[in-house]
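The chains referred to below are lettered A, B, ... by the order of the sequence lines, with proteins before strands, and numbering in each begins at 1.
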Amino acid sequence: MPELPEVETIRRLVERHLVGRRIIGVDLRLPKLMRDSPCPDLSVIAGQTIAAARRQAKVLVLDLSNGWSLLVHFKLSGQLAIERPDGSRDVAGHPVPDPTGPFPHKATHLELRFDDGTIVWYSDIRQFSWLRLMPTGDVEAALTAFGFGPEALDEAVVLWALKAVAPRRRIPIKTVLLDQTVIAGLGNIYADEALFAAGIHPGTPANEVSRPRLAKLARSIPWALEQGLAQGGAKIVNNKARPIDGFPAVHGRQGEPCFTCGTTVEKIRVGARGTYFCPTCQKPRLKKHV
DNA sequence: TGCGTTGTTTCACC
DNA sequence: CGGTGAAACAACGC
């Protein structure tokens, strides 16, 4: 489930391996991925060079040399594979299908060939992701239209945003974290992990999270994202976590012992989302009624 | 085979 | 009118 760390990992790979390279072949086998795209025909990017790779929230923006840009939202299961002329391969995004397996495959919907022999495969088993091709000059307005809040990697700004919003809302604190207009970049995995690291029950009404807990949460959010970045993205395969050095600690670990206290990790629903937490480390602490 | 899956939008309701 | 929660939607695997 590509969230900020997974998309940023992809961005860095593109920057390292594709920027400055010229696209010589475009094969979009699932044209409907160009949902609401100002230019519906992706083949027109053939001949262009990738000039820059940037990201806001979970949206990847690839600027092309002719003044057009390709926007990508990976949604649940988008995945990008880059195979260099020597056969070495980098894959980021959703870890299914197996990144080490053969490409292209049934879920590979786009193939890009580059002038140096590099090949890019874009895959998506759920087909929920989207691509948009638009003039670079329109990108800023398009991103603004999403109404994204500040990037979740910046602790100070995150704390400011949480202080501004949480006391005025009674919805679960996890639901606040998933609202991209409050803080941009968290999805289901990192919201669960940040709440675990902060010791907050995910169902706690936002206006009942104390100031000190809010401050701890503001620290935990960038921390959780950095853990994911360090791993090149969290590895959750078929809803089962494959933790590295204790991360993820709770997401995808239903029925398994908490790494901190040994209590069995539970799965509940919060805001209609599958939510994992440790009942001991994340005890509900409601404000006393007066 | 119907349910679960997430990011995002939409909608009914109080 | 705005906060809220639920439903809808995208489509597939198990």
>> The test is ring-ring contact (aromatic ring centres under 6.0 Å, His included); show your working for A:His94 and A:Phe74 and say whether it passes.
In response: CA-CA 8 Å; A:His94 193 59; A:Phe74 295 84; over 10 Å; no
To the nearest Å, how far apart are [X] [atom1] and [N] [atom2]?
| X | N | atom1 | atom2 | result |
| --- | --- | --- | --- | --- |
| A:Glu6 | B:dG7 | CD | P | 10 Å |
| A:His105 | C:dC12 | NE2 | P | 14 Å |
| A:Phe128 | B:dT8 | CZ | C1' | 12 Å |
| A:Trp130 | B:dT6 | CH2 | P | 20 Å |
| A:His94 | C:dA11 | NE2 | P | 17 Å |
| A:Leu4 | B:dT8 | CG | C1' | 17 Å |
| A:Asp179 | B:dG7 | CG | P | 13 Å |
| A:Ile268 | B:dT5 | CD1 | P | 13 Å |

Are OP1 or OP2 of [N] and a side-chain N or O of [X] less than 4.0 angstrom apart?
| X | N | value |
| --- | --- | --- |
| A:Gln127 | C:dC12 | yes |
| A:Arg169 | C:dG3 | no |
| A:His73 | B:dT8 | yes |
| A:Lys75 | B:dT9 | no |

>> For A:Lys32 and A:Pro172, find the nucleotide of DNA chain C closest to each by heavy atoms; which residue's nucleotide sits nearer the 5' end?
In response: A:Pro172
>> Categorize A:Arg273 for me: base, sugar-phosphate, or nothing, with a 4.0 angstrom heavy-atom threshold over every strand shown.
In response: base
> Of the candidate nucleotides C:dA11, B:dT5, B:dT8, which contains the atom at the shortest distance from the side chain of A:Lys267?
Replying inline: B:dT5
>> Which residue in the set A:His105, A:His109, A:Lys106 passes side chain to side chain contact (heavy atoms under 4.5 Å, CB included) when paired with A:Ser123?
In response: A:His105
> Applying the side chain to side chain contact (heavy atoms under 4.5 Å, CB included) test to A:Ile200, which of A:Val209, A:Leu177, A:Leu214 qualifies?
Replying inline: A:Val209
> Yes or no on side chain to side chain contact (heavy atoms under 4.5 Å, CB included) for A:Thr260 and A:Phe196, after CA distance, side-chain angles and deciding distance?
Replying inline: CA-CA 10 Å; A:Thr260 301; A:Phe196 171 78; 3.6 Å; yes
> Same cluster for A:Leu159 and A:Val157 if Ile/Leu/Val/Met/Phe/Trp/Tyr side chains link at under 4.5 Å?
Replying inline: no
>> On DNA chain B, compare the nucleotides closest to A:Pro2 and A:Arg126; which residue's is nearer the 5' end?
In response: A:Arg126
